[in-house]
Amino acid sequence: MIMDNDFKKSILILIIAGLLIVSILLFSFAIFYPNSGYNDSIDNTLTTGVFSFSFLEPSNGILINNALPKTDIEGKTQMGKNETFDFTLTATTDGVHAIHYTVVALQDKASTLPVEWVKIYLTKLVNDTEIEINSEPILFMQLNNYNNNNYAKEVYKNSIVSKDYRQKFRFRMWIKDGINVNDPNYANKTFKVKINVYAV
């Protein structure tokens, strides 16, 4: 009888320990999906214990609305409202197992500007100095789809191994140069994206 009770206690302890380990793993590698659209609060941060994504602006998106076409040189240096979006990625790891993440630009399905007109450009910020990730801007439509979603585009992929990781990014978007502003497809058109970071 005593052995039966000890055996039952051992099984119960193993089950509880197993459930606890599974819960910790699922929580640690949780993926961040913002619930609100373009009006997220300034301090919009998710922390899972190993992964944190912070918005440093009043929204997690960027909007083109009746903007004029720009050259790549102009687009890469623009700093006006709705022209840039800064965000910070922080992570704490065990220093052994890498966290893989993807920065994704999610196009608003209500966007009316032709997608082939839109260019994007992402840089890293190190001590307020911008570091190029790609030397040249790229058309939004040329980015790879994320999870086979035509509206979700992979902007940047990387892995984190360092125990304490913090990286600030700056995202820009504009209408490519050479577009005829008298084109009927141009007038009163908008193009919205929001930036998400997914960890796997």
Side-chain angles (χ1 to χ4, degrees), residues 32-34 36-40 42 44 53-89 100-159 167-199:
F32 179 37
Y33 292 92
S36 50
Y38 294 89
N39 295 307
D40 292 316
I42 291 175
N44 188 346
F53 178 42
S54 306
F55 298 125
L56 300 183
E57 294 196 356
S59 71
N60 65 322
I62 191 167
L63 165 70
I64 293 176
N65 185 18
N66 291 325
L68 293 173
K70 294 182 178 181
T71 65
D72 285 354
I73 293 175
E74 292 171 327
K76 287 167 67 173
T77 57
Q78 64 184 1
M79 289 296 294
K81 183 180 180 182
N82 276 325
E83 292 181 338
T84 66
F85 170 65
D86 290 0
F87 61 97
T88 302
L89 180 63
H100 308 286
Y101 69 89
T102 305
V103 177
V104 175
L106 182 63
Q107 178 190 344
D108 190 316
K109 292 182 180 180
S111 297
T112 52
L113 193 71
V115 67
E116 61 268 22
W117 290 4
V118 178
K119 280 198 163 183
I120 66 102
Y121 184 63
L122 184 71
T123 59
K124 294 180 180 180
L125 286 166
V126 179
N127 297 324
D128 295 323
T129 299
E130 290 194 56
I131 308 296
E132 289 185 332
I133 292 176
N134 298 310
S135 58
E136 296 299 328
I138 188 170
L139 288 169
F140 188 84
M141 64 178 293
Q142 292 178 330
L143 296 167
N144 292 327
N145 291 344
Y146 179 76
N147 278 354
N148 297 315
N149 182 348
N150 290 330
Y151 292 95
K153 299 294 186 178
E154 295 179 355
V155 179
Y156 180 64
K157 297 173 78 171
N158 200 3
S159 298
Q167 182 61 63
K168 186 175 180 180
F169 296 91
R170 177 164 292 154
F171 178 80
R172 291 181 172 90
M173 186 172 72
W174 65 90
I175 299 173
K176 70 175 185 178
D177 192 29
I179 299 300
N180 180 5
V181 295
N182 295 315
D183 188 316
N185 286 322
Y186 181 81
N188 300 315
K189 303 295 183 181
T190 62
F191 192 86
K192 291 181 183 179
V193 301
K194 63 180 179 180
I195 301 299
N196 292 346
V197 175
Y198 300 109

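Electrostatic pairing of D72 and K119 counts as a salt bridge here, judged by a charged N lying under 4.0 Å from a carboxylate O. Electrostatic pairing of K176 and E116 does not count as a salt bridge here, judged by no charged N lying under 4.0 Å from a carboxylate O.
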Worksheet item: Checking side-chain contact (heavy atoms from CB on, under 4.5 Å) for the pair L122/N134: CA distance, chi angles, key distance, verdict?
Response: CA-CA 7 Å; L122 184 71; N134 298 310; 5.9 Å; no
Item to complete: Please step through salt bridge (Lys or Arg N to Asp or Glu O under 4.0 Å) for the pair E83 and K70, ending with a clear verdict.
Response: CA-CA 11 Å; E83 292 181 338; K70 294 182 178 181; 2.6 Å; yes
Item to complete: Before giving the answer on side-chain contact (heavy atoms from CB on, under 4.5 Å), spell out for N149 and L106 the whole-Å C-alpha distance, their side-chain angles and the decisive distance to 0.1 Å.
Response: CA-CA 9 Å; N149 182 348; L106 182 63; 4.2 Å; yes
Practice prompt. Applying side-chain contact (heavy atoms from CB on, under 4.5 Å), run through V155 and Y121 and close with a yes or a no.
Written response: CA-CA 9 Å; V155 179; Y121 184 63; over 6 Å; no
Discussion item. I133 vs T123, test: side-chain contact (heavy atoms from CB on, under 4.5 Å). Steps then yes/no.
Written reply: CA-CA 5 Å; I133 292 176; T123 59; 5.5 Å; no
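The closest side-chain donor-acceptor pair between Q107 and K192, if any, does not fall under 3.5 angstrom. In this structure, a donor-acceptor pair under 3.5 Å is absent between the side chains of N144 and K153.
Side-chain atoms of V193 and F140, non-hydrogen and from C-beta on, do get closer than 4.5 Å to each other. Between P137 and I120, every side-chain heavy-atom pair lies at or beyond the 4.5 Å cut-off. Considering only heavy atoms from C-beta on, N188 stays 4.5 Å or farther from T112 through its side chain. Using a 4.5 Å heavy-atom threshold, the side chains of F171 and T84 count as separate.
Within the model, atoms CD1 of I131 and CD of Q167 stand 9.0 Å from one another, a figure rounded to the nearest 0.5 Å. Rounded to the nearest 0.5 angstrom, I64 CD1 and W174 CH2 are separated by 9.5 Å. The CH2 atom of W117 sits 7.5 Å away from atom CD1 of I175, with the distance rounded to the nearest 0.5 Å. Once rounded to the nearest 0.5 Å, the distance linking CG of N182 with CG of N180 reads 5.0 Å. Atom OG1 in T102 sits 5.5 Å away from atom OH in Y146 (nearest 0.5 Å). Interatomic distance, Y101 OH to L89 CG, rounded to the nearest 0.5 Å: 5.0 Å.
For an aromatic pair to be called close, the ring centres must be under 6.0 Å apart, and F87 with F169 satisfies this.
Counting only distance, with no hydrogens or angles, the side chain of N127 and the backbone of T129 share no donor-acceptor pair below 3.5 Å.
Looking at K76, R172, K124 one by one, the single match for salt bridge (charged side-chain N to carboxylate O under 4.0 Å, His left out) with E132 turns out to be K76.
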